[in-house]
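First comes the structure, then the notes that go with it.
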Amino acid sequence: MRTWVRAPLAIFTGEEAAGGLVVEGERIVECLPAGGEPAAPCDRVFDASEHVVLPGLVNTHHHFYQTLTRAHGPALDKELFDWLKALYPVWAGLTPEHLDAATRLALAELLLSGCTTAADHHYVFPAGLEEAVDIQAAAARDLGVRVTLTRGAMNLSVEDGGLPPASVVQDADTILADSERVIDAFHEPGEGAFVQVALAPCSPFSVTPEIMRETAALAARKGVGLHTHLGETEDENAFCEARFGCRPLDYLEDVGWLTDGTWLAHGIHFTPGEIERLGRAGTGVAHCPGSNMVLASGLCPAVDLEASGVPVGIGVDGSASEDASNLVQEVRQALQVQRLRYGAARVGHLDVLRWGTAGSAACLGRGDIGRIEPGRLADLALFKLDEPRFSGAGDPLAALVLCGAHRADRVMVGGAWRVEDGAIVGLDLDGLMARHREAARSLVGAA
Ligand SMILES: [Zn+2]
């Protein structure tokens with residue numbers, strides 16, 4: 001099956017493609033200049049003259065389960081540590097039904113915003129939820145979205161000097177055994193993967209140095225990535241100074257994580273020297289602008305990080321991030337918040353689109369997605385500019401970001417349309433939302 005996505009209104013790509021692109025099977029096989037014709041006949045022609053075409057957006061950091069605790073009253077108007085302490089007791093009641101509903105809802109929300117690959121960081125494993133990654137892998141396959149499921153972990157409870165309560169931590173042997181199990185069961189190495197697994201002890205203040213070291217060794221042995229929260233708040237700096245006698249990045253290096261196989265969520269509070277060290281190592285950063293604003297965490301030095309060689313991607317984060325899972329909105333927020341740090345001339349709409357596509361793909365260690373060029377997977381997000389917010393706009397690519405696109409009209413994953421006319425193919429979205437609302441009610445009600 002060959003499909004010609006013909007003559008888009010605008011296209012964001014590394015190559016000349018004003019004439020559109022040709023998809024064969026799961027891959028892009030041709031990019032055409034203006035007026036160009038495919039080299040061989042096509043079975044289908046999709047007229048993209050009203051669409052802005054992007055590579056499918058890639059989300060580098062999320063906690064799908066947190067869609068159940070958006071705008072949670074007792075957690076409002078708090079910064080990270082107090083926000084977490086207000087929510088841990090609620091999350092301790094998570095069941096398989098809650099997580100399945102949350103994962104499907106979050107993936108649907110992401111897909112409708114143009115996201116075709118999403119990383120999730122699941123680190124809450126109360127009794128009864130031992131098969132959390134299994135649940136998420138099945139949901140992602142059903143929805144046809146690519147995922148990097150990061151097996152999170154917490155083993156440092158408040159009794160041992162950490163932040164989370166004992167009800168949500170596991171012991172190191174359980175964590176490592178399950179990490180190995182889920183890699184063996186679900187990780188698809190190589191190109192074209194739909195499900196990949198990475199390992200993700202939660203943060204310096206919720207795990208021990210021993211679990212960080214042993215996780216790094218296991219990831220190296222299995223050839224999977226490493227992910228954690230780092231450089232998010234000044235409170236984290238103070239915690240590391242008090243407990244480890246060093247700053248968070250020194251701690252990261254000490255436990256063997258300062259490598260190009262690691263990507264970090266947030267990466268805000270780094271000194272110029274630390275930014276250079278991250279760049280030399282090739283460690284990625286998932287910039288989560290909405291979360292950083294809502295929790296008043298700070299301004300990520302994304303331009304300096306990228307200039308030093310750090311792969312910079314974008315993440316919607318969990319429910320702190322504007323309490324939404326809308327990746328194209330997050331791209332816009334990246335532009336706005338980065339201009340507060342760097343001024344208007346140093347961050348443009350093409351920069352933030354690059355972060356949300358190729359930059360995010362690099363964070364996840366994937367060279368098969370994130371750009372529109374022959375040989376890459378046919379993961380595409382197509383937006384129409386037919387709402388009042390776009391009326392009268394000039395440059396279509398700039399309008400997508402500046403006027404605030406929020407819903408894709410069409411989304412393709414691996415050559416298959418997953419969103420058509422703004423709706424997910426084969427999904428009863430109203431039914432899913434009813435189920436998700438009920439899950440949220442029961443989770444919060446039980447706490
Ligand atoms: Zn997070």
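First listed ligand is number 1; within each ligand, the first listed atom is number 1.
Ring geometry for H229 versus H266: interplanar angle under 30°, hence parallel rather than tilted (30 to 60°).
Residue H121 does not count as close to the Zn ion (ligand 1), with no N, O or S atom under 2.8 Å. At least one N/O/S atom of H61, from backbone or side chain, sits under 2.8 Å from the Zn ion (ligand 1). Counting backbone and side-chain atoms alike, H229 contributes an N/O/S atom closer than 2.8 Å to the Zn ion (ligand 1).
For H62 and H121, the gap between ring centers reaches or exceeds 6.0 Å.
In D317, the N, O or S atom that comes nearest to the Zn ion (ligand 1) is OD1.
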For a quick test of your reading: what N or O donor-acceptor pairs under 3.5 Å do the side chains of residues 123-130 make, sequence neighbours left out?
unit_1, atom_1, unit_2, atom_2, d
Y123, OH, Y65, OH, 2.9
Y123, OH, Q66, NE2, 3.4
E130, OE1, G128, N, 3.0
E130, OE2, G128, N, 3.1

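Residue pairs meeting the side chain to side chain donor-acceptor pair (under 3.5 Å) criterion with at least one member in residues 431-447, sequence neighbours excluded: T67-H436, E97-R435, H98-S442, D100-R435, E438-R441.
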